[in-house]
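Before any comments, here is the structure.
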Amino acid sequence: MLTWIKRIVVVLLLLVLLGTATIYGLLALSLPALDGKGSATTIDSTVTIARDAIGQAVVSADSRADASYGLGFAHGQDRFFQMDLLRRNAAGELSELFGSAAINLDESMRFHQFRKRAKLIVMSLPESYQLMLERYTQGVNDGRAQSGFTSFEYLLLGTTPKPWLPEDSLLVIFSMYLDLQTANFERDEALIALKQQYGQGMLDFILQPSHHQAALDGSVITAPTAAIPVIEPQLAQHQPSHIEDIPLYGSNNWAVTGALTKTGAAMLSDDMHLGLTVPSIWYRAQLNYQERGKEVQVTGVSLPGAPAIVVGSNHHIAWGFTNGYLDVADWVELNSDTKTQQIAEEIMLPSGEVHTYQLEMSAFGPVKQVGDKKFALSWVAHQPYAVNLELLQFELFSEVGEATAHAKNVGIPVQNLVVVDSQGSAAWTPIGAIPARKFARDTALKQEEYESAWQNNERIRPVVQNPESGKLWTANARVVSTEDNQRFGDGGYAPGARAVQIRDGLISKQVFSEADFYQLQLDNQAKFLTPWHERLVKLLQTQDSTSFEKDLRLLKDWQGCACADSVGYTLVKAYRNALIDTLYAPLEQYLQTQSLSLKSVKGYFEPGLWQLLTEQPNSWLGAHSSWNELELAAYQLAKQKLSERYGSNMAAWRWGDVNALKVQHPFSKQMPMLSGLLDMPTTQAFGDTFMPAVQGKAFGASQRFIAQPGHLENAILTVAGGQSGHPLSPFYRTGFNDYAEGGDTPLLPSKITHQIVITPNSSK
């Protein structure tokens with residue numbers, strides 16, 4: 001009997017080994033070739049696609065159009081499935097891959113009709129840009145087809161990839177609109193519903209100006225302290241309702257002029273905050289080509305699916321972005337007799353079955369019911385000027401004035417552009433699509449108030465160049481003056497604490513190096529939470545019980561930072577969140593009945609929170625007999641949630657573990673057995689929300705870029721993941737350790753290790 005058991009075990013082991021070998025064999029078949037020769041009918045001259053030691057793509061060609069082919073080829077080899085998800089997400093076509101589970105998401109995307117809009121924009125582009133898209137598209141399809149075997153993602157899904165199309169590159173940019181600006185109109189939806197239920201007084205209370213402001217001109221928005229609205233007793237009895245922290249898609253960037261560097265060149269820092277996944281959203285690339293007889297070399301990060309270098313340097317200038325958060329969306333309250341039409345949007349399923357989504361459309365935009373009224377969404381992403389390829393011109397500029405002058409022509413989600421040059425100049429201006437309407441609103445406007453200027457891109461924009469201090473900074477809070485703020489509006493600004501901390505860090509020094517900038521990028525001091533730490537300590541010290549002695553010891557040792565071994569930081573952060581959940585439960589639970597949430601306005605709560613704690617109105621107490629009891633209950637709730645998730649031993653509540661960075665592949669989230677093969681190594685937390693070192697469990701700085709044009713040998717570019725999306729590629733994880741450990745990966749490519757040469761097909 002024992003012999004038979006041994007034989008069975010051996011057979012099972014052999015089957016497991018055989019299965020593993022088969023899986024690896026299939027994966028290996030789809031690995032792209034990194035060396036060799038080929039030909040293409042769509043290029044004019046030889047194109048070289050090389051890789052360095054970390055897999056950075058180095059494309060060389062005689063023209064920008066052919067360089068687009070080479071970049072597309074590299075993207076198609078390394079990132080096609082990621083690109084496929086981006087285009088399908090924007091177009092509302094994920095159900096064709098994932099089945100009925102994705103129908104609700106697809107319907108929410110079809111609301112915007114982005115594929116239809118992308119097709120129209122492609123046809124309107126100048127011929128030179130259409131040519132670049134065509135070359136890029138062919139490069140993508142040639143690169144994907146090169147391995148000759150379907151990649152593992154499509155094998156697991158039981159489907160085959162569809163060819164890339166020119167409009168798909170614009171869909172990828174629309175996908176960024178969805179990431180960066182959806183919170184704008186969701187914010188307004190929540191405010192509309194709150195106004196309907198609680199009146200304007202509640203909005204005045206919630207939207208009070210932040211205590212933390214760091215506009216470039218030093219201006220401060222002030223307002224009389226709003227009256228605290230009365231919460232009806234029957235509403236105040238709600239149990240705490242968790243209000244999510246939505247990722248603040250944004251970024252930090254700052255710059256100093258050449259007067260503050262040893263080289264005399266201006267210096268830029270840029271780290272863009274996005275969801276972190278495998279593969280990384282960014283793809284490192286260098287393009288080398290000729291333009292009007294001059295050699296052009298541009299190095300930085302590209303967005304797989306699009307033919308541009310998004311952030312980088314051409315040796316003359318360097319540029320970076322943070323999300324602008326200007327108000328670029330309005331809900332228009334429709335009159336009862338306003339004519340609308342029904343449009344049938346067909347959503348394909350893997351079986352070939354068609355699901356039909358009925359979209360109601362008006363002359364102002366797609367229509368949605370909020371409460372008992374219909375509202376149309378007028379969003380800049382729906383306008384013809386929302387997307388174009390004008391960002392490509394940055395590769396050719398030699399000084400900051402050219403870049404700021406061109407910013408108004410670029411069709412991307414509106415960003416804070418900070419640009420520097422080798423001559424020592426630094427500048428800021430809003431770049432991207434901004435509606436030219438003159439009045440921004442927090443809630444809906446009447447149909448009669450709609451401005452036809454929505455159809456035009458704003459041409460008049462503020463510019464700050466070479467300020468007297470020599471320093472510029474943006475961090476998703478208000479950057480514009482109070483006067484310009486009235487025109488551009490608030491599209492969901494971040495609380496200004498991060499911007500203040502960056503500004504103060506810059507003020508503290510007068511000469512800067514790349515190392516100084518990197519240190520500021522990694523600054524995780526908890527300045528925003530320090531008053532909350534003081535309040536929590538005082539709260540626990542006033543309790544008669546000795547049961548909080550351990551808590552107070554941990555709070556004493558909290559270190560004042562989002563440091564990995566700090567339990568005290570975890571307690572302070574959890575206490576503040578639990579207090580928000582407790583106090584705002586009636587509002588959140590009402591909004592949930594409308595399929596809405598306070599999460600899109602949670603960033604505005606700080607002034608109102610402190611006002612509540614100071615004035616302590618009885619109507620907000622709910623079932624509690626005193627404010628001391630309410631605060632203590634919130635803290636106990638915070639500890640209860642931590643205990644449920646991490647165990648009752650408070651030593652396990654280290655911030656490094658509670659907020660550990662876990663960068664996952666989409667498939668491993670559904671199939672955890674693939675985690676070891678597909679995911680990046682789990683990393684101890686090193687940052688948080690209200691500080692320069694932004695980091696969540698799957699969110700944070702997607703790259704860190706520091707550069708002085710003309711001195712790029714010292715430039716830094718770390719990316720939160722490897723170059724390739726193939727788990728067996730040697731470049732699947734390269735660069736991630738530098739990112740996780742605060743290392744300084746060079747911007748410029750290292751020694752070339754692989755090379756593909758593609759020549760024009762003679763039959764062309």
Just by distance, with hydrogens left out, do Ser378 and Asp330 show a side-chain donor and acceptor under 3.5 Å apart?
-> no
Walk me through it: do Asn485 and Tyr493 pass the test side-chain contact (heavy atoms from CB on, under 4.5 Å)?
-> CA-CA 11 Å; Asn485 186 64; Tyr493 281 139; 3.7 Å; yes
For side-chain contact (heavy atoms from CB on, under 4.5 Å), just list the numbers for Val278 and Leu678, CA-CA rounded to whole Å, side-chain angles, deciding distance to a tenth of an Å, and then say yes or no.
-> CA-CA 8 Å; Val278 179; Leu678 299 180; 5.7 Å; no
Distance, nearest 0.5 Å, that separates OG1 of Thr443 from CD of Glu189 = 12.5 Å
Show your reasoning for whether side-chain contact (heavy atoms from CB on, under 4.5 Å) applies to Gln543 and Asn628.
-> CA-CA 9 Å; Gln543 304 307 309; Asn628 185 280; 3.4 Å; yes
So, do Met272 and Gln703 sit near enough that their side-chain heavy atoms are less than 4.5 Å apart?
-> yes
What residues, two or more places apart in sequence or in another chain, satisfy side chain to side chain contact (heavy atoms under 4.5 Å, CB included) together with Lys599?
-> Ile243, Glu244, Ile246, Ser597
When you check the side-chain N and O atoms of Asp372 and Gln196, is any donor under 3.5 Å from an acceptor?
-> no
Roughly how far apart are Arg503 CZ and Ile507 CD1, rounded to 0.5 Å?
-> 5.0 Å
Pair Ser269-Gln521, side chain to side chain donor-acceptor pair (under 3.5 Å): steps then yes or no = CA-CA 8 Å; Ser269 172; Gln521 283 189 357; 2.7 Å; yes
Do Trp610 and His211 pass the ring pair (Phe, Tyr, Trp, His ring centres under 6.0 Å) test, and can you show the C-alpha distance, the side-chain angles, and the key distance before you say yes or no?
-> CA-CA 10 Å; Trp610 285 106; His211 304 317; 8.1 Å; no
So which pairs with a foot in residues 547-588 pass ring pair (Phe, Tyr, Trp, His ring centres under 6.0 Å), sequence neighbours left out?
-> His533-Trp558, Tyr569-Trp655, Tyr584-Phe605, Tyr584-Trp620
Can you list the residues that meet the salt bridge (charged side-chain N to carboxylate O under 4.0 Å, His left out) rule with Glu186, with sequence neighbours excluded?
-> none
Between Leu591 and Ala190, what is the shortest heavy-atom contact and its length?
-> CD2-O, 4.0 Å
For Asp484, check salt bridge (charged side-chain N to carboxylate O under 4.0 Å, His left out) against everything at least two apart and list the hits.
-> Arg487
Quick one: are Leu276 and Leu661 in side-chain contact, heavy atoms under 4.5 Å?
-> yes
Do other residues, nucleotides or ligands put more than 12 heavy atoms under 6.0 Å from Gln670 CD?
-> no
Residue set satisfying side chain to side chain contact (heavy atoms under 4.5 Å, CB included) with Pro279, at least two apart, ordered chain then number -> Arg79, Gln82
Asp442 meets the salt bridge (charged side-chain N to carboxylate O under 4.0 Å, His left out) criterion, sequence neighbours left out, with Arg187
Could you tell me whether Gln519 atom CD has more than 12 heavy atoms of other residues or ligands within 6.0 Å of it?
-> no
Does any donor atom in the side chain of Ser175 or Asn89 lie under 3.5 Å from an acceptor atom in the other side chain?
-> yes
Of all pairs that satisfy salt bridge (Lys or Arg N to Asp or Glu O under 4.0 Å), the ones with a partner from residues 521-535, not counting sequence neighbours | Arg535-Glu631
Look at the rings of Phe667 and His665 and say which category their plane angle falls in: under 30° parallel, 30 to 60° tilted, over 60° perpendicular.
-> perpendicular
Distance-only polar pair, side chains of Glu588 and Gln592, donor-acceptor under 3.5 Å | yes
Pairing residues for Ser100 by the side chain to side chain contact (heavy atoms under 4.5 Å, CB included) criterion, not counting sequence neighbours = Ile103
Disulfide (SG to SG under 2.5 Å) contacts touching residues 548-662 (sequence neighbours left out) = Cys561-Cys563
Sub-4.5 Å side-chain heavy-atom contact between Tyr198 and Leu203 = no
Leu377 and His112: side-chain contact (heavy atoms from CB on, under 4.5 Å), yes or no, with the steps?
-> CA-CA 9 Å; Leu377 177 61; His112 305 292; 4.0 Å; yes
Residue among Asp271, Val311, Asn253 satisfying side chain to side chain contact (heavy atoms under 4.5 Å, CB included) with Phe705 | Val311
Rounded to the nearest 0.5 Å, how far apart are NZ of Lys573 and CG of Asn577?
-> 5.5 Å
Atom CG in Asn184, atom OH in Tyr325: separation rounded to 0.5 Å?
-> 9.5 Å
Salt bridge (charged side-chain N to carboxylate O under 4.0 Å, His left out) filter on Lys641, not counting sequence neighbours, yields Asp581
In chain order, what residues pass the side chain to side chain contact (heavy atoms under 4.5 Å, CB included) check against Asn649, with sequence neighbours excluded?
-> Lys550, Ala651
Testing Thr277, Val719, Ile281 for side chain to side chain contact (heavy atoms under 4.5 Å, CB included) with Ser702, which one passes?
-> Ile281
Looking at Arg478 and Asp490, does any basic side-chain N land under 4.0 Å from a carboxylate oxygen?
-> no
Close side-chain approach of Phe517 and Leu520, heavy atoms under 4.5 Å = no
Got Pro692 and Gln501 here, is their nearest side-chain heavy-atom distance under 4.5 Å?
-> yes
Sub-4.5 Å side-chain heavy-atom contact between Met650 and Asp551 | yes
Rounding to 0.5 Å, atoms CH2 (Trp254) and CD1 (Ile706) come to a distance of 7.0 Å
No-hydrogen, no-angle side-chain donor-acceptor test under 3.5 Å, Gln197 and Gln594 | no
Cation over ring, Arg704 on Tyr739, under 6.0 Å and within 45°?
-> yes
How long is the gap from CG on Leu552 to OG1 on Thr546, to the nearest 0.5 Å?
-> 10.5 Å
Pairs touching residues 605-620 that satisfy salt bridge (Lys or Arg N to Asp or Glu O under 4.0 Å), sequence neighbours left out = Arg576-Glu606
